[in-house]
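Encoded as structure tokens, the structure appears first; notes follow it.
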Number of protein chains: 2
Amino acid sequence: MLSNVEIKERIESFPERCRSTGLKVTHQRVAIFNYLAGTESHPSPDEVYETIRVRLPSISLATVYKVLDQFHRQGFLRRVSTEGQVARYDARMEHHHHLICKSCGIIRDLELDPAGSHPAMPEVADFRIERSETFFHGLCNTCEDSKASLPA
Amino acid sequence: MLSNVEIKERIESFPERCRSTGLKVTHQRVAIFNYLAGTESHPSPDEVYETIRVRLPSISLATVYKVLDQFHRQGFLRRVSTEGQVARYDARMEHHHHLICKSCGIIRDLELDPAGSHPAMPEVADFRIERSETFFHGLCNTCEDSKASLPA
DNA sequence: TTAGATGCAAATCTTTTGCAGTGCG
DNA sequence: CGCACTGCAAAAGATTTGCATCTAA
């Protein structure tokens, strides 16, 4: 789904994007951004922390929270809304949808043809719609298979 | 949007629904369900608690959490996913969408013509889609108006 | 009568904040 | 060098849990 070229582009343009928004390019920010740019796993702040910590052992969870929040406000990341109580981040900013497995909770990206046009934006009185996001809930194959082999 | 007849039906069938799923019909459960069946405001556990407390002063917040979770697992309520960290509940189980104001956070129900058919369920490899939910983000009229009168 | 439900208090989990010290530009 | 950033520790906010008591059936 994610091409190496796309990932490389995002990572290379990061310092410039920081400068143009007045953010300093710190080791912590680079590490966090690069990790998110290269993954499709929609990690939570804690997962980001545990991953980054391997290479940057002095990083703190508070910094991870602050950086993720800044990136989100700058439009570098999107926050994926879920029913659960932990935030999940996604560095793919292009319009796309999400598949959520009700059993294991994994979140997968979903591309739908005529790019970006699904669903159409409806006209609603008394509300100015700016964007939409659609979640498809169901069962991923892994969970469906393990269910089949573990009869109730 | 919500007709009195619909509300009345939901409230009247509640004891029977409880019995058929093995739940006891307690004052607390009745009060919580009736409140949610009659509102369109998608309240959080704390809002449910503060509202119910007026008539049932001895109820505890922990009970509200437990009851909401049971109702959700029984399919009496849906939990509305939001970016924030508090849960929001909705007793309307029919397929519909939500408008979320990025300024005040209000969640409005949205009905889209050919009932229930928007968006169409796509076919995806390795995933069995069971339902979809779409969130439309933007500005409600109230917030748009107050923005206009408070220039940056 | 009794299994299940409630209320309370304490625990847990997630996120935010204040502040002193650090490092990018 | 200066201001923004980080790390730590403590606080705040949301939710869950354990357990003694109560109550619907």
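In what follows, chains are A, B, ... by sequence order, proteins preceding strands, each numbered from 1.
Residues B/Val30 and B/Val48 share a hydrophobic cluster, clusters being chains of Ile/Leu/Val/Met/Phe/Trp/Tyr side chains in contact below 4.5 Å.
One N or O donor and one acceptor, one from the side chain of B/Lys66 and one from the base of C/dG7, sit under 3.5 Å apart.
Judged by distance alone, with hydrogens and angles left aside, the side-chain atoms of A/Thr51 form a donor-acceptor pair with the main-chain N or O of A/Glu47 at under 3.5 Å.
A/Glu16 places none of its side-chain heavy atoms less than 4.5 Å from the side chain of A/Thr21.
Nearest-nucleotide positions on DNA chain C place B/His27 closer to the 5' end than the other of B/His27 and B/Gln85. Both A/Ala87 and B/Arg29 lie close to DNA chain C; mapped to their nearest nucleotides by heavy-atom distance, the more 5′-ward contact belongs to B/Arg29.
Of the side-chain N and O atoms in B/Gln70, none sit less than 4.0 angstrom from OP1 or OP2 of C/dG4. Between D/dT6 and A/Ser60, no contact under 4.0 Å exists linking OP1 or OP2 to a side-chain N or O. Contact annotation: A/Thr63 does not reach the phosphate of D/dC5 (side-chain N/O to OP1 or OP2, under 4.0 Å). When the side-chain nitrogen and oxygen atoms of A/Tyr65 are compared with OP1 and OP2 of C/dT16, none of them lie within a distance under 4.0 Å.
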Report task. Would you please test B/Arg17 and B/Glu12 for salt bridge (charged side-chain N to carboxylate O under 4.0 Å, His left out) and show each step? Result -> CA-CA 10 Å; B/Arg17 295 179 73 191; B/Glu12 282 174 355; over 6 Å; no

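The side chain of A/Thr26 approaches C/dC24 more closely than any other nucleotide in the set D/dA24, D/dA9, C/dC24.
Counting any heavy atom pair closer than 4.0 Å across all strands shown, A/Ser44 reaches no nucleic acid atom.
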